[in-house]
Asks: 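For reference, the structure I am asking about is given below.
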Amino acid sequence: MPSIALPATTDTPAVALPSFDAVLFDCDGVLVDSEPITHRVLRAMLEASGWKLTLEECMRIFIGKAVRSEAARIEAHTGAPLTDAWMAEFYERRNAALAAELEPIAGALQAVEAAHRRMAGRIACASGADRYKVELQLAKAGLMPYFEGRVFSGHEMPRTKPAPDVYLAAAAALGVPPGQCLVVEDTVTGVTAGVAAGATVVGYSPMAWGHDPAEALRAAGAAVVIGAMGELPALLGAA
C-alpha cells in the first residue's frame, strides 16, 4: 500500500505509515473526556465501601479496565464481595453523571469527520466499555451519526481488551482485514489489543492526566503517538 508521511510534531519524529482502509476508534479518553467523570463516581463508591483512594490513584488503577475485572482487588481492599447490586448502582450513578457533564475530546469531532470522509464511512467505535455507556457518550458528544450500527463493546465479546476480540469484530463487520485498519487508543491496554488484532495503532497521549504516557504507548506497540486529536487527519492524508 502507498505510504502517508506524517510530519514531525513536538512528540513524534517524522514517520511514514501505510494508507488504511478503515479506522477503529476507542471511545473513553479518545473521543470523549469521560474518565475523570467515571472515576470520580467510582472513587466515591469505593471510599463508601471502605477503600479510600485519591482520584489520581483510582484512575491509575482502573483506566482501560472493566471494573469487574478488578473484583479481586476491590474485594481485598473493602472486605466485601463485589455484588451485582453494587455494580448496578455504580452504572446508574456513572451514567447520570456522564449524561449531565460529558464533553467530547478537543478535536475529536473534526478527526472523526475526516476519518469518515477519507475511509468512505468505514470507521467504527470499538470500546472495552458496556454498550449503553458507549452509545450514551457518542450521542451526548454528537458523534453517533458517524458510528450508527458500527459500535462494538468488549462486554459482548468472549474476551475484552487487552484481548483483540473487539477490534477483530469491528474489522470483520467493516469487511476490512485487521492489517489494513488503523486503531486509535490512549491506554496500554487498548494499544495491546490493537496490536494483537494485527492493526497499526496510533497512540493518543495529550499532556493531561488520565492518558498513558507516550513512551508507555510506544513500548506497547503504538507505531506513532500524537498529542492532540487534531493531528489525526494529517496522518490519514485527510488534512
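Source: prediction; values computed, not measured.
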Asks: So, for Ala44 and Arg93, which heavy atoms are closest and what is the spacing to 0.1 Å?
Replies: CB-NH2, 4.2 Å

Asks: Quick one: do Leu143 and Val134 end up in the same hydrophobic cluster if we chain Ile, Leu, Val, Met, Phe, Trp and Tyr together by side-chain heavy atoms under 4.5 Å apart?
Replies: yes

Asks: With Tyr167, which residues qualify under ring-ring contact (aromatic ring centres under 6.0 Å, His included), at least two apart?
Replies: none

Asks: Checking Val67 against Ile74 for the side chain to side chain contact (heavy atoms under 4.5 Å, CB included) test, could you report, in this order, the C-alpha distance in whole Å, the side-chain angles of both residues, the deciding distance, and whether it holds?
Replies: CA-CA 9 Å; Val67 173; Ile74 293 170; 3.8 Å; yes

Asks: Can you name the side chain to side chain contact (heavy atoms under 4.5 Å, CB included) partners of Pro145, sequence neighbours left out?
Replies: none

Asks: Hey, any chance Leu98 and Tyr91 share a hydrophobic cluster, counting ILVMFWY side chains that come within less than 4.5 Å of each other, even indirectly?
Replies: no

Asks: Applying side chain to side chain contact (heavy atoms under 4.5 Å, CB included), can you list everything that pairs with Thr192, at least two apart in sequence or on another chain?
Replies: Pro162, Val188, Ala220

Asks: Would you say Gln180's side chain and Pro177's backbone share a donor-acceptor pair under 3.5 angstrom?
Replies: no

Asks: Going from CD on Glu35 to CZ on Phe62, what distance comes out if it is rounded to the nearest 0.5 angstrom?
Replies: 12.5 Å

Asks: According to the salt bridge (charged side-chain N to carboxylate O under 4.0 Å, His left out) rule, which pairs have a member within residues 188-202, sequence neighbours left out?
Replies: none

Asks: Which atoms form the tightest heavy-atom contact between Pro233 and Met229, and what is the distance?
Replies: CD-O, 3.7 Å

Asks: Could you report the tightest heavy-atom contact between Trp86 and Ser49, atom names first, then the distance?
Replies: NE1-OG, 3.0 Å

Asks: Would you find a donor on one side and an acceptor on the other, under 3.5 Å apart, between the side chain of Thr78 and the backbone of Gly50?
Replies: no

Asks: Does a side-chain heavy-atom distance below 4.5 Å link Phe152 with Asp165?
Replies: no

Asks: Going by heavy atoms in the side chains, are Leu217 and Glu185 under 4.5 Å from each other?
Replies: no

Asks: Verify, without hydrogens or angle tests, whether Arg122 (side chain) and Asp21 (backbone) share a donor-acceptor contact under 3.5 angstrom.
Replies: yes

Asks: With sequence neighbours left out, which residue pairs that include part of residues 136-152 fulfil the salt bridge (charged side-chain N to carboxylate O under 4.0 Å, His left out) condition?
Replies: none

Asks: Of all the heavy-atom pairs spanning Ser153 and Asp130, show the shortest one and how long it is.
Replies: OG-CA, 3.6 Å

Asks: Less than 4.0 angstrom from a charged side-chain N to a carboxylate O is my criterion; do Arg60 and Glu56 meet it?
Replies: no

Asks: Establish whether Met87 and Leu53 are linked, either directly or via other cluster members, by ILVMFWY side-chain heavy-atom contacts under 4.5 Å.
Replies: yes

Asks: Same cluster or not: Leu182 versus Phe147, using hydrophobic residues (I, L, V, M, F, W, Y) connected whenever any side-chain heavy atoms lie under 4.5 Å apart?
Replies: yes

Asks: Under the ring-ring contact (aromatic ring centres under 6.0 Å, His included) rule, collect the residues that match up with Trp51, sequence neighbours excluded.
Replies: His77

Asks: For Glu113, does the CD atom have more than 12 heavy-atom neighbours from other residues, nucleotides or ligands under 6.0 Å away?
Replies: yes

Asks: Considering only distance and modelled atom types, tabulate donor-acceptor pairs under 3.5 Å from the side chains of residues 23-31, sequence neighbours left out.
Replies:
from: Asp26; atom 1: OD1; to: Lys161; atom 2: NZ; distance (Å): 3.0
from: Asp28; atom 1: OD1; to: Ser34; atom 2: OG; distance (Å): 2.4
from: Asp28; atom 1: OD1; to: Lys133; atom 2: NZ; distance (Å): 3.3
from: Asp28; atom 1: OD1; to: Gln137; atom 2: NE2; distance (Å): 3.1

Asks: Nearest 0.5 Å, please: how far is SG in Cys125 from CZ in Arg131?
Replies: 9.5 Å

Asks: Measuring from atom OG of Ser127 to atom CD of Glu156, what distance do you get when rounded to the nearest 0.5 angstrom?
Replies: 10.5 Å

Asks: Is there a path from Val41 to Leu82 through hydrophobic residues (I, L, V, M, F, W, Y) whose side chains come within less than 4.5 Å of each other?
Replies: yes

Asks: If you round to the nearest 0.5 Å, how far is CZ of Arg117 from CG of Leu236?
Replies: 10.0 Å

Asks: Checking Phe90 now: which residues fulfil ring-ring contact (aromatic ring centres under 6.0 Å, His included) with it, not counting sequence neighbours?
Replies: none

Asks: State the CZ-CE distance between Arg94 and Met45, to the nearest 0.5 angstrom.
Replies: 11.0 Å

Asks: Holding to side chain to side chain contact (heavy atoms under 4.5 Å, CB included), I want the full list of residues that pass it with Val195, two or more places apart in sequence or in another chain.
Replies: Val191, Val201

Asks: Closest approach of Ala171 and Cys181, non-hydrogen atoms and distance?
Replies: CB-SG, 3.8 Å

Asks: In Å, rounded to the nearest 0.5 Å, how long is the span from CG of Leu235 to OG1 of Thr200?
Replies: 10.0 Å

Asks: Can you name the side-chain hydrogen bond (donor to acceptor under 3.5 Å, both in side chains) partners of Glu70, sequence neighbours left out?
Replies: Arg73

Asks: For Thr160 and Val166, run side chain to side chain contact (heavy atoms under 4.5 Å, CB included): C-alpha distance rounded to whole Å, both residues' side-chain angles, the deciding distance at 0.1 Å, then the answer.
Replies: CA-CA 7 Å; Thr160 191; Val166 71; 5.9 Å; no

Asks: As a quick check of understanding, evaluate side chain to side chain contact (heavy atoms under 4.5 Å, CB included) for Arg68 and Asp84, giving each step before the final call.
Replies: CA-CA 10 Å; Arg68 282 192 187 275; Asp84 289 344; 3.1 Å; yes

Asks: Taking only residues two or more places apart in sequence or in another chain, which ones pass side chain to side chain contact (heavy atoms under 4.5 Å, CB included) with Glu101?
Replies: Ile37, Arg40, Ala97

Asks: Does a side-chain heavy-atom distance below 4.5 Å link Pro104 with Leu109?
Replies: no

Asks: Hey, mind stepping through Phe20 and Val176 against side chain to side chain contact (heavy atoms under 4.5 Å, CB included) and telling me if it holds?
Replies: CA-CA 9 Å; Phe20 304 97; Val176 177; over 6 Å; no

Asks: Sort and list the pairs that fulfil ring-ring contact (aromatic ring centres under 6.0 Å, His included) and have at least one residue in residues 92-141, not counting sequence neighbours.
Replies: His116-Tyr146

Asks: Can you give me the closest heavy-atom contact between Leu232 and Ala111, atom names plus distance?
Replies: CD2-CB, 4.0 Å

